[in-house]
Every structure is written in C-alpha cells, then in structure tokens.
Amino acid sequence: MDDFEYFVNKVNDFHGHICTGIVLGTRMSMAALRYLAVDPHGKKKNLICYAEIDRCMTDAVMIVTGCSAGRRTLKLVDYGKFAMTLINQDTGKAIRVTVNDYHRSEDMEETKRTIMAIPDPRLLSFKDVYVTIPENDLPGFPRKTATCSVCGEQIMDGRDTEHNGAVLCKGCANGTYYRVISK
Ligand SMILES: [Zn+2]
Ligand SMILES: [Zn+2]
C-alpha cells in the first residue's frame with residue numbers, strides 16, 4: 001500500500017466514503033506536509049491548518065494533517081474554496097494549496113480516476129504565505145474569558161465585544177443563529 005492509499009483509507013474510516021473531496025483533501029494535505037518537510041507518519045507537532053471549505057475536503061485535511069478544531073489547530077474559514085494553508089508554528093513557514101481546474105464528469109468514479117491521473121504539480125498550486133495568527137486563536141490555556149452582561153454566559157478567548165461600556169457575547173451583540181422556542 002502506498003502512502004496515498006494508506007491515508008485515503010484512514011480518512012475513509014472517519015468520513016465514511018471516498019469522494020472527490022476526500023481524494024483532493026488527502027492529496028493537498030500530503031503535499032503540504034511534504035512541502036513543510038513533516039513526516040506524514042510521524043508526530044505532527046506545532047502545525048496549524050486553515051481549511052477554506054466546510055465540505056468533505058476538510059475531513060481529509062483533519063485526518064492527514066492531524067490538526068483538529070478541538071486542539072485549536074484546525075481553523076475553518078469558509079471561503080467555499082478547495083484550498084488550505086498549513087503552517088509550521090516553529091518556523092513560521094506556511095504554504096497555501098489550491099486545486100487547479102480539472103475535467104469533472106457526472107460520474108464521480110470517473111472524476112476520481114481523472115484526478116488520480118493528474119500529478120501533483122499539475123493538480124495543485126502552491127504559494128508561500130505568511131499568516132498572522134491572532135493570539136486568542138492559538139492553542140493552549142485561554143488568554144481571556146469574560147461574562148456577557150445580557151445572557152450571563154461565559155465567553156472564552158476574547159470573543160466578547162463591548163457595547164456602550166457593557167461586555168456582550170456575539171449573539172447578544174449581533175443576533176443569534178438560533179431562535180429560542182422554550183426555556
Ligand atoms: Zn465525501
Ligand atoms: Zn450574551
């Protein structure tokens with residue numbers, strides 16, 4: 001089994017199927033690790049990853065890079081793009097990987113075969129980038145906590161805002177994504 005097969009199977013165990021997003025995410029993540037000279041089978045320490053889509057690809061990015069939301073090492077910035085940036089926190093070196101256009105067919109199996117036949121340098125584009133990670137986004141102990149003056153809920157990591165001198169959570173300040181129907 002080659003490395004790609006090994007990792008795509010590992011992603012499949014988590015994601016439940018191998019779709020084009022999984023193939024792309026696995027290829028992108030493996031290429032990004034290689035670029036930062038990180039052994040994909042080793043301990044992947046001090047990496048932070050930004051994934052730019054909330055679709056299948058991001059599950060592959062999580063499994064292959066070892067970055068996760070719970071460790072605060074996987075950030076979702078939903079640009080709706082098959083793109084990711086992997087950062088080595090030790091060196092500050094960061095690489096953004098995007099997917100070049102390729103022929104999509106109605107048949108996913110055919111599209112997968114198409115993608116697999118395209119070598120990395122043609123399938124993927126790479127750019128050296130610099131990412132300033134806000135201190136409150138870093139892993140580790142929370143640097144700031146606050147309590148919302150309206151709902152009384154605790155707010156971690158500097159996500160609180162101030163309005164007319166009062167501390168507010170984002171929900172109370174800007175409106176919530178949910179509507180309470182019972183208390
Ligand atoms: Zn999928
Ligand atoms: Zn609140």
Side-chain angles (χ1 to χ4, degrees), residues 1-105 108-141 157:
M1 201 190 317
D2 67 12
D3 267 5
F4 173 78
E5 228 181 305
Y6 171 80
F7 281 107
V8 92
N9 286 332
K10 231 177 129 176
V11 175
N12 185 26
D13 288 342
F14 178 80
H15 185 71
H17 61 239
I18 302 172
C19 54
T20 51
I22 291 304
V23 171
L24 290 172
T26 303
R27 293 271 300 267
M28 295 162 84
S29 302
M30 290 179 68
L33 288 169
R34 205 177 307 125
Y35 195 88
L36 297 182
V38 176
D39 175 7
H41 298 284
K43 275 220 170 73
K44 287 160 229 152
K45 278 170 116 184
N46 301 323
L47 295 175
I48 289 199
C49 188
Y50 287 74
E52 298 185 18
I53 198 164
D54 63 343
R55 285 189 173 274
C56 303
M57 180 203 94
T58 300
D59 279 355
V61 170
M62 177 178 79
I63 300 294
V64 178
T65 65
C67 294
S68 77
R71 283 189 210 101
R72 308 197 89 208
T73 51
L74 180 63
K75 315 291 185 190
L76 186 66
V77 282
D78 191 2
Y79 291 174
K81 290 182 181 178
F82 284 106
M84 61 178 283
T85 294
L86 190 66
I87 304 147
N88 179 340
Q89 280 193 91
D90 291 334
T91 61
K93 199 172 169 185
I95 184 77
R96 182 165 180 268
V97 187
T98 55
V99 179
N100 301 329
D101 204 16
Y102 57 87
H103 176 73
R104 289 171 186 78
S105 125
M108 182 151 78
E109 289 306 315
E110 196 189 313
T111 305
K112 271 199 283 183
R113 277 195 299 277
T114 304
I115 296 170
M116 287 313 297
I118 309 173
D120 275 4
R122 269 206 292 132
L123 180 68
L124 306 173
S125 290
F126 303 90
K127 274 195 178 80
D128 289 307
V129 293
Y130 185 79
V131 183
T132 306
I133 306 171
E135 212 191 325
N136 278 315
D137 288 1
L138 291 170
F141 201 74
D157 302 312

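Side chains included, hydrogens not; waters and symmetry mates left out as well; all remaining heavy atoms used.
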Requested in this report: Start with the C-alpha distance between Ile63 and Phe7, add both sets of side-chain angles, then the distance that settles side-chain contact (heavy atoms from CB on, under 4.5 Å), and finish with yes or no.
Outcome: CA-CA 8 Å; Ile63 300 294; Phe7 281 107; 5.6 Å; no

Query raised in the report: Charged N to carboxylate O below 4.0 Å: is that the case for Arg72 and Asp157?
Result: yes

Query raised in the report: Any side-chain heavy atom of Phe4 within less than 4.5 Å of one from Asn9?
Result: no

Query raised in the report: More than 12 non-hydrogen atoms from neighbouring residues, nucleotides or ligands closer than 6.0 Å to OH on Tyr79, yes or no?
Result: no

Report summary line: Taken to the nearest 0.5 Å, the spacing of Met28 CE from Thr65 OG1 works out to 11.5 Å

Query raised in the report: Got Val129 and Val131 here, is their nearest side-chain heavy-atom distance under 4.5 Å?
Result: yes

Requested in this report: Could you check if a side-chain atom of Asp59 sits within less than 4.5 angstrom of a side-chain atom of Phe14, using non-hydrogen atoms only?
Outcome: yes

Requested in this report: Give a yes or no on whether the backbone of Asp137 and the side-chain of Lys75 come within a donor-acceptor separation of less than 3.5 Å.
Outcome: yes

Query - pair Leu86-Val97: side-chain heavy atoms closer than 4.5 Å - result: no

**Report entry** Heavy-atom pair of closest approach, residues Gly66 and Arg71
**Finding:** O-NH1, 2.9 Å

Query raised in the report: Once you round to the nearest 0.5 Å, how far does CD1 of Ile87 lie from NZ of Lys93?
Result: 13.5 Å

Query raised in the report: Once you round to the nearest 0.5 Å, how far does OG1 of Thr20 lie from CZ of Arg55?
Result: 10.0 Å

Requested in this report: Kindly indicate, with the supporting measurements, whether the criterion side-chain contact (heavy atoms from CB on, under 4.5 Å) is fulfilled by His41 and Tyr6.
Outcome: CA-CA 10 Å; His41 298 284; Tyr6 171 80; 3.6 Å; yes

**Report entry** Heavy-atom check, side chain of Thr73 versus side chain of Leu47, under 4.5 Å
**Finding:** no

**Report entry** Over all atoms of both residues, closest heavy-atom pair of Cys67 and Cys49
**Finding:** SG-CB, 3.8 Å

Query raised in the report: If you measure from OG on Ser125 to CG on Asn100, what distance do you get to the nearest 0.5 Å?
Result: 3.5 Å

Requested in this report: Assess whether salt bridge (charged side-chain N to carboxylate O under 4.0 Å, His left out) is satisfied between Arg96 and Asp128, documenting all intermediate values.
Outcome: CA-CA 6 Å; Arg96 182 165 180 268; Asp128 289 307; over 6 Å; no

Query - Exercise: identify the closest heavy-atom pair between Pro40 and Asp3 - result: CG-OD2, 4.2 Å

Query - Worked check of salt bridge (charged side-chain N to carboxylate O under 4.0 Å, His left out) between Glu109 and Lys112 - result: CA-CA 5 Å; Glu109 289 306 315; Lys112 271 199 283 183; 3.2 Å; yes

Query raised in the report: Between Ile53 and Met57, what is the shortest heavy-atom contact and its length?
Result: CG2-CE, 3.8 Å

Requested in this report: Please step through salt bridge (charged side-chain N to carboxylate O under 4.0 Å, His left out) for the pair Asp101 and Arg104, ending with a clear verdict.
Outcome: CA-CA 9 Å; Asp101 204 16; Arg104 289 171 186 78; 3.1 Å; yes

Query raised in the report: Taking atom CG of Leu74 and atom CE of Met84, what is their separation to the nearest 0.5 Å?
Result: 9.0 Å

Query raised in the report: Any side-chain heavy atom of Leu124 within less than 4.5 Å of one from Thr98?
Result: no

Query - Donor-acceptor contact below 3.5 Å, side chain Lys44 vs main chain Val64 - result: yes

Query raised in the report: Does Thr85 use its side chain to pair, donor to acceptor, with the backbone of Tyr50 at less than 3.5 Å?
Result: no

Query raised in the report: What class does the angle between the rings of Phe126 and Tyr35 fall in, given that below 30° is parallel, 30 to 60° is tilted and above 60° is perpendicular?
Result: parallel

Report task. Kindly indicate whether the side chain of Met62, heavy atoms from C-beta on, has any atom under 4.5 Å from the side chain of Thr58. Result -> no

Query raised in the report: Does Asn46 use its side chain to pair, donor to acceptor, with the backbone of Asn88 at less than 3.5 Å?
Result: no

Query raised in the report: Do side-chain atoms of Ser105 reach the backbone of Glu110 as a donor and acceptor pair under 3.5 angstrom?
Result: no

Requested in this report: Would you mind checking if Asp90 and Lys45 are paired as a salt bridge, meaning a charged N to carboxylate O distance below 4.0 Å?
Outcome: no

Query raised in the report: What are the two closest heavy atoms between Ser29 and Val61, and how far apart are they?
Result: OG-CA, 3.3 Å

Report summary line: Here the gap from Arg34 atom CZ to Leu36 atom CG, rounded to the nearest 0.5 Å, amounts to 11.5 Å

Query raised in the report: Is the side chain of Arg27 donor-acceptor paired with the backbone N or O of Ile115 at a distance under 3.5 Å, no angle test?
Result: yes

